[in-house]
**Q** 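Please find one structure pasted underneath; my questions will follow.
Quick note on labels: first sequence line is chain A, next is B, and so on, each numbered from 1. The shown structure was predicted, so the numbers you read here are calculated from the model rather than taken from an experiment.
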There are 2 protein chains.
Amino acid sequence: MTAIRPAETASVAQAFASVFALLKPHMAALDTFLAGQISAFEPEIRSMADYCIDTSGKRIRPALVFLGGWRGNGMVAPDLVRVAAVVELVHLATLVHDDIMDGAEVRRNRRTAAREFGAAGAVLLGDALFAHALHLAAQFPTTEVCAAVSESTRRVVSGEIVQTLRRGTTNVSRADYFRIIDLKTAELFRVSCFLGARLAGSAPGYVEAVSRFGEHLGVAYQIYDDLADYFGQEAKIGKTLGTDLASGKLTLPLIALSERLSATDQADLAAEIRGQRSPDLATRLQQMNELGVFGVVAEAVQSELAVATEAVQEWPNEAPTPLLLSLCDVLRAQVTALEPR
Amino acid sequence: MTAIRPAETASVAQAFASVFALLKPHMAALDTFLAGQISAFEPEIRSMADYCIDTSGKRIRPALVFLGGWRGNGMVAPDLVRVAAVVELVHLATLVHDDIMDGAEVRRNRRTAAREFGAAGAVLLGDALFAHALHLAAQFPTTEVCAAVSESTRRVVSGEIVQTLRRGTTNVSRADYFRIIDLKTAELFRVSCFLGARLAGSAPGYVEAVSRFGEHLGVAYQIYDDLADYFGQEAKIGKTLGTDLASGKLTLPLIALSERLSATDQADLAAEIRGQRSPDLATRLQQMNELGVFGVVAEAVQSELAVATEAVQEWPNEAPTPLLLSLCDVLRAQVTALEPR
């Protein structure tokens, strides 16, 4: 199966841009730092690594590092730049490997690494990016960054494995769905926030609060992304709608729909997921509209954002708090904007 | 292309067994440690991880950790067990990824992970093994193990990339060949020896000597392996001869052959490497015999073993020295045993 995939749902990343604007010097420092890493790779691999470490990504995870470690003076701390590079490289490596599995041809408006270098090249290139991320992590004075990043990486990859194993099956409960997105998306959001706050020397309680914020923002973000797969405007989010249905991926919108269908309709949907019947997107969208699926899923996003908000609002005087809260506001507004009229 | 691949050239591993015999308690501790790691993976992945972390591997790299850190009393040091697990997991991860690229169906007499779990599952499983290796590395008091292992991993992967990029081309000089095997094989041998000696608290000069030993043993081992692809006894080494020719892989025996062929024969060989002509193994073997290729390549193995030997024999009173030297003796004897009559 061939799919066109964007780096991130473009509209969210664009919306976050209002908050990220004050990170311009941080992002410039990150780009410089990443560009400087290319020479660490063997000569033959430099152009391949460079191809992946481009500057067109939305850099949401590095932004969370910088925001979680925000000290209020806009200073660009070198250790935050390094750790932002670590989480971004891990993220890029997972994208390179994901695109092999999805057979994705295009990402960020150009050919995926898998398409450009072949599957074999892409497997190894992803490995090299992972290894380099951990190598940068090992340059901190203690093992804390290495420990956090390697554990997170294993959890992210585990989420992808579980999702891959369940694809094309109806064996995905609500609890399974939340566990998968907690692993594959929220974990790296969480560790980005954690490392930012930790390296900035925040109090342990606030580090814990910011980590919790990151995790729930990540869950909210992924649910939003899955909702946009059905309710987004194609041009705006830059991808074809209903790709999850077409690829047999049971995400919250389909789970919520299935819960509300009659036994017969449920069986038809199950057959579409299993690939025994060709997917009928128009019917599914109509049923989603009739059965209020948008509202149910949007509520799940809002509920995660409420937990994220609660985690940090007890610490109003910490410099990162207002910035982190504004990310929630942005995502909240984005969900509202998706609402079908 | 489909290939049957053994874990390691079996005859060498069996021959090393005479030296490894005194490591029985160490290997038992390693097996127990590795088995205990399975529960660290997500439930769905445990059986996949268990499938890879089996006990039938030859565990050459862990053996180098234990020998490099040998203190003469046979004591099983927990930190050596942990670091042996780290290098073995990195090695297993690279095998899982290699088998995807090679389309290998069988390894260690059973289906490869790629065949058992699909390419997508195998990519992610390899990632999870890598990540777990680095997670174990991060449990040491300092970042030294993490730094060494992540750097080595990147170098191993880089060697694989360069080899993959050059496969099916005649663009592999002798220097390229040595660089590739230094990265893909010797690096992990080197770091295994290094970490063993380092964690055992050896003097810096001896740590350096043991590392140098490991690197050159690794180069010798890989050249031997490549020689056995043409001159091994199929039943003994457990694989089909000439698979490197069939897959367009220019290793030292073919490079040495090409150097000795007439321009016309060279062009024929080049066409076989590029897949423009079906490989004629019988002719190539006959030419190798006529042109003394065995002797040339065997000499390259011996020359690497001489460097390895020289590195440690200046330290005769260090406990690991006689054990490491006996590995060279074993490999030397193996090469002689391959010699065509």
**Q** So which part of B:Leu134 gets closer than 4.5 Å to some heavy atom of chain A, the side chain, the backbone, both or neither?
**A**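 When you check distances to chain A, atoms from both the backbone and side chain of B:Leu134 fall under 4.5 Å.
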**Q** Report yes if some heavy atom in the side chain of B:Phe130 is under 4.5 Å from a heavy atom in the side chain of A:Asp127; otherwise report no.
**A**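 B:Phe130 vs A:Asp127: side chains touch.
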**Q** Could you tell me which of B:Glu160, B:Gln139, B:Glu151, B:Glu44 has the largest number of non-hydrogen atom pairs under 4.5 Å with chain A?
**A**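 Most pairs with chain A among the choices: B:Glu44.
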**Q** If you count heavy-atom pairs within less than 4.5 Å of chain B, which of A:Leu183, A:Leu125, A:Thr94 leads?
**A**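 So the answer, after comparing A:Leu183, A:Leu125, A:Thr94, is A:Leu183.
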**Q** Quick one: of A:Val90, A:Ile161, A:Thr164, who has the most non-hydrogen atom pairs under 4.5 Å with chain B?
**A**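 Most heavy-atom pairs under 4.5 Å with chain B: A:Ile161.
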**Q** Give, as side chain, backbone, both or neither, the part of B:Leu136 having an atom under 4.5 angstrom from any heavy atom of chain A.
**A**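 It is neither, since no heavy atom gets under 4.5 Å.
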**Q** Quick one: which of A:Cys146, A:Ser150, A:Pro141, A:Ala128 has the most heavy-atom pairs under 4.5 Å with chain B, could you say?
**A**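 The answer is A:Ser150.
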**Q** Just checking A:Arg198: does its CZ atom have more than 12 heavy atoms from other residues, nucleotides or ligands closer to it than 6.0 angstrom?
**A**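 Count not over threshold, so no.
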**Q** If you count heavy-atom pairs under 4.5 Å with chain B, which of A:Gly118, A:Ala131, A:Ala137 comes out on top?
**A**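 Heavy-atom pair counts peak at A:Ala131.
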**Q** Which answer fits B:Phe140, side chain, backbone, both or neither, if we ask what part of it has an atom under 4.5 Å from a heavy atom of chain A?
**A**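 When you check distances to chain A, only backbone atoms of B:Phe140 fall under 4.5 Å.
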**Q** Taking it one step at a time, do B:Glu42 and A:Arg179 satisfy salt bridge (Lys or Arg N to Asp or Glu O under 4.0 Å)?
**A** CA-CA 11 Å; B:Glu42 296 296 309; A:Arg179 183 167 149 256; 3.1 Å; yes
**Q** When only pairs under 4.5 Å are counted, which of B:Ala119, B:Gly159, B:Ala40 shares the most heavy-atom pairs with chain A?
**A**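 Between B:Ala119, B:Gly159, B:Ala40, the count favours B:Ala40.
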**Q** Step through the shown structure and confirm whether more than 12 heavy atoms of other residues, nucleotides or ligands are within 6.0 Å of CZ on B:Arg111.
**A**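 Result for CZ/B:Arg111: enclosed.
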**Q** Non-hydrogen atoms of chain A under 4.5 Å away: do they reach the side chain of B:Ala93, the backbone, both or neither?
**A**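 It is neither, since no heavy atom gets under 4.5 Å.
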**Q** If you count heavy-atom pairs under 4.5 Å with chain B, which of A:Val145, A:Val149, A:Leu165, A:Val123 comes out on top?
**A**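 If we count pairs closer than 4.5 Å to chain B, A:Val123 comes out on top.
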**Q** If you round to the nearest 0.5 Å, how far is NE2 of B:His132 from CZ of A:Arg154?
**A**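 The CZ atom of A:Arg154 sits 5.5 Å away from the NE2 atom of B:His132.
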**Q** Name the member of B:Thr142, B:Thr143, B:Leu129 that forms the most heavy-atom pairs with chain A at distances under 4.5 Å.
**A**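 Most heavy-atom pairs under 4.5 Å with chain A: B:Thr143.
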